[in-house]
Amino acid sequence: MRRVEPKRRYSISQSQVDILLYLHKYRFLTSDLLAVLLQKDRSTIYERLSVLIDQGYVAKQYDSSFRLRTRPATYCLAPAGIRFLKARGIERTQLHYKSRNFTEEQIDEQLLYAKFATTLKSSYTESFGIYTKYQLKHNAYVQLTPHLLLRGKSDTTPDYLLDYFPAFTASWRLRRRINQHDVAADESETIYPHLLLVAGNTSTERRLVQFTEELYADFEVFVTTTERLLSGEKKIWLIPVETNLEDEELEYHALPLKLP
């Protein structure tokens with residue numbers, strides 16, 4: 001009788017589990033971003049990713065044209081990684097089965113959220129926990145699942161929702177999103193988080209300021225650009241109700257850690 005050898009079973013380390021959790025959180029990451037998130041050197045990250053790719057937990061997206069375009073390889077959850085997290089009770093992993101269909105532009109936007117989060121975390125480590133929409137329960141914030149949620153770590157620190165608007169976003173889209181937050185705040189039975197609106201360029205930023213400078217709502221609005229946010233500085237936010245766009249020098253603020 002032929003003896004059937006059992007398939008080799010692999011177990012993954014906690015550090016590899018951490019990589020899966022970050023890929024669940026941000027959907028797509030590069031080795032550089034993982035090195036920052038895990039505070040490890042890139043050679044260590046490459047080694048751990050290589051094992052996860054070989055075992056079917058992680059998928060690598062790369063082709064020869066990336067080198068010519070100086071585009072880095074990106075990584076996302078593969079089926080084995082999705083099943084692993086689902087078995088641990090992590091919700092919304094089913095969304096990641098669609099990651100293979102994302103365009104480069106969509107992937108770049110997901111990477112940008114990760115860069116936003118790491119920059120904000122470095123500035124406000126002790127003040128906020130930062131979550132993405134993939135970590136939040138469906139409809140946890142009415143119909144407006146945010147790109148990022150900054151949740152205050154103390155009872156006196158406010159929560160913030162972050163929305164990103166690429167350069168040249170149509171004005172009607174900006175107005176619609178702002179109005180959606182206004183309606184959601186009116187319908188909310190709890191204190192609605194304040195808004196962080198990040199614009200892809202200064203023109204879009206100016207329109208966001210104009211559309212919210214007379215907004216009467218239960219939340220505060222803070223506006224900045226991608227460039228200023230990624231600079232790592234704290235005083236980067238315009239407060240529309242206090243901003244006159246005709247001033248030669250605009251006044252920028254850090255995020256308030258206490259609000260009335």
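The figures here come from the full heavy-atom set of this structure, side chains too, leaving out hydrogens, waters and symmetry mates.
- Residues V51 and L34 fall into different hydrophobic clusters, defined by Ile, Leu, Val, Met, Phe, Trp and Tyr side chains chained together at heavy-atom separations under 4.5 Å.
- Note: I130 CD1 to Y124 OH = 10.5 Å, rounded to the nearest 0.5 Å.
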**Request:** Please step through side-chain contact (heavy atoms from CB on, under 4.5 Å) for the pair Q61 and F102, ending with a clear verdict.
**Result:** CA-CA 11 Å; Q61 295 159 318; F102 270 47; 5.9 Å; no
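- To the nearest 0.5 Å, the span separating CG on L150 from OG on S127 amounts to 9.5 Å.
- Sparse packing is recorded around CD of E47, with 12 or fewer heavy atoms of other residues, nucleotides or ligands lying under 6.0 Å away.
- Listed here is the closest heavy atom pair of A59 and A78: N-CB, 3.8 Å.
- Side-chain atoms of K25 and L37, non-hydrogen and from C-beta on, never get closer than 4.5 Å to each other.
- Y46 and L20 end up in the same hydrophobic cluster when Ile, Leu, Val, Met, Phe, Trp and Tyr side chains are linked at under 4.5 Å.
- Looking at heavy atoms from C-beta onward, Y134 lies in side-chain contact with Q110 at the 4.5 angstrom threshold.
- Looking at heavy atoms from C-beta onward, F116 lies in side-chain contact with L162 at the 4.5 angstrom threshold.
- Using a 4.5 Å cut-off on side-chain heavy atoms (C-beta onward), L148 and Y164 make no contact.
- Residue Y75 comes nearest to S31 through the heavy atom pair CE1-N, 4.0 Å, listed as atom of the first residue, atom of the second, then distance.
- Atom CG of D218 sits in a sparse spot, with 12 or fewer heavy atoms from other residues, nucleotides or ligands closer than 6.0 Å.
- Both L21 and L29 are part of a single hydrophobic cluster, where members link through side-chain heavy atoms under 4.5 Å apart.
- Sorted by first then second residue, the salt bridge (charged side-chain N to carboxylate O under 4.0 Å, His left out) pairs that include residues 113-131, not counting sequence neighbours, number zero.
- Once rounded to the nearest 0.5 Å, the distance linking CG of L196 with CZ of F222 reads 7.5 Å.
- S43 and D41 share a side-chain donor-acceptor pair at under 3.5 Å.
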**Message:** Before you tell me yes or no, could you show the steps for R207 and S171 under side-chain hydrogen bond (donor to acceptor under 3.5 Å, both in side chains), namely the whole-Å CA-CA distance, both residues' side-chain angles and the distance that decides it to 0.1 Å?
**Reply:** CA-CA 7 Å; R207 286 184 289 142; S171 291; 2.9 Å; yes
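- Considering all non-hydrogen atoms of both residues, H96 and H24 come closest at NE2-O, 3.2 Å.
- Shortest non-hydrogen contact noted between V198 and T225 is CG1-C, 3.9 Å.
- Counting non-hydrogen atoms of other residues, nucleotides and ligands closer than 6.0 Å to CZ of R100 gives a total of 12 or fewer.
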What pairs of donor and acceptor atoms, side-chain ones from residues 234-253 against any protein atom, are under 3.5 angstrom apart with sequence neighbours left out?
| unit_1 | atom_1 | unit_2 | atom_2 | d |
| --- | --- | --- | --- | --- |
| K234 | NZ | S123 | O | 3.3 |
| T243 | OG1 | I239 | O | 2.7 |
| N244 | OD1 | E246 | N | 3.0 |

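- Taking 4.5 Å as the limit, every side-chain heavy atom of T224 sits out of range of all side-chain heavy atoms of E233.
- Using a 4.5 Å cut-off on side-chain heavy atoms (C-beta onward), I178 and L208 make contact.
- With S188 contributing its side chain and A184 its backbone, the two residues share no donor-acceptor pair below 3.5 Å.
- The environment of CD in Q14 is crowded: more than 12 heavy-atom neighbours from other residues, nucleotides or ligands sit within 6.0 Å.
- Rounding to the nearest 0.5 angstrom, the gap separating the OH atom in Y192 from the NE2 atom in H181 is 5.0 Å.
- Side-chain contact between Y57 and I19 is absent, with no heavy atoms from C-beta onward closer than 4.5 Å.
- Counting only N and O atoms by type, the side chains of T204 and N201 include a donor and acceptor under 3.5 Å apart.
- At a threshold of 4.5 Å between non-hydrogen side-chain atoms, the residues S13 and R48 do not count as touching.
- The minimum heavy-atom distance between S154 and T157, with the atom names listed, is OG-OG1, 2.8 Å.
- The heavy-atom pair separating P158 from P256 by the smallest distance is CG-O, 3.9 Å.
- Under a cut-off of 6.0 angstrom, the local environment of CD in Q106 is crowded, with over 12 non-hydrogen atoms contributed by other residues, nucleotides or ligands.
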**Request:** Given side-chain contact (heavy atoms from CB on, under 4.5 Å), test R177 with L197 step by step and report yes or no.
**Result:** CA-CA 10 Å; R177 186 61 173 176; L197 306 181; over 6 Å; no
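- Here the straight-line distance linking atom CZ of R151 with atom CG of L161 works out to 10.0 Å at 0.5 Å rounding.
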**Request:** Kindly determine whether D163 and L195 satisfy side-chain contact (heavy atoms from CB on, under 4.5 Å), including the steps that lead there.
**Result:** CA-CA 8 Å; D163 271 339; L195 296 188; 5.6 Å; no
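- Y113 and H147 form a side-chain donor-acceptor contact under 3.5 Å, judged by distance and modelled atom types alone.
- Cluster membership for V36 and L112, using ILVMFWY side-chain heavy atoms within less than 4.5 angstrom, is not shared.
- For K86, the NZ atom counts as loosely surrounded, since its 6.0 Å shell holds 12 or fewer non-hydrogen atoms of other residues, nucleotides or ligands.
- With rounding to the nearest 0.5 angstrom, the CG atom of L33 is 9.0 Å from the OH atom of Y26.
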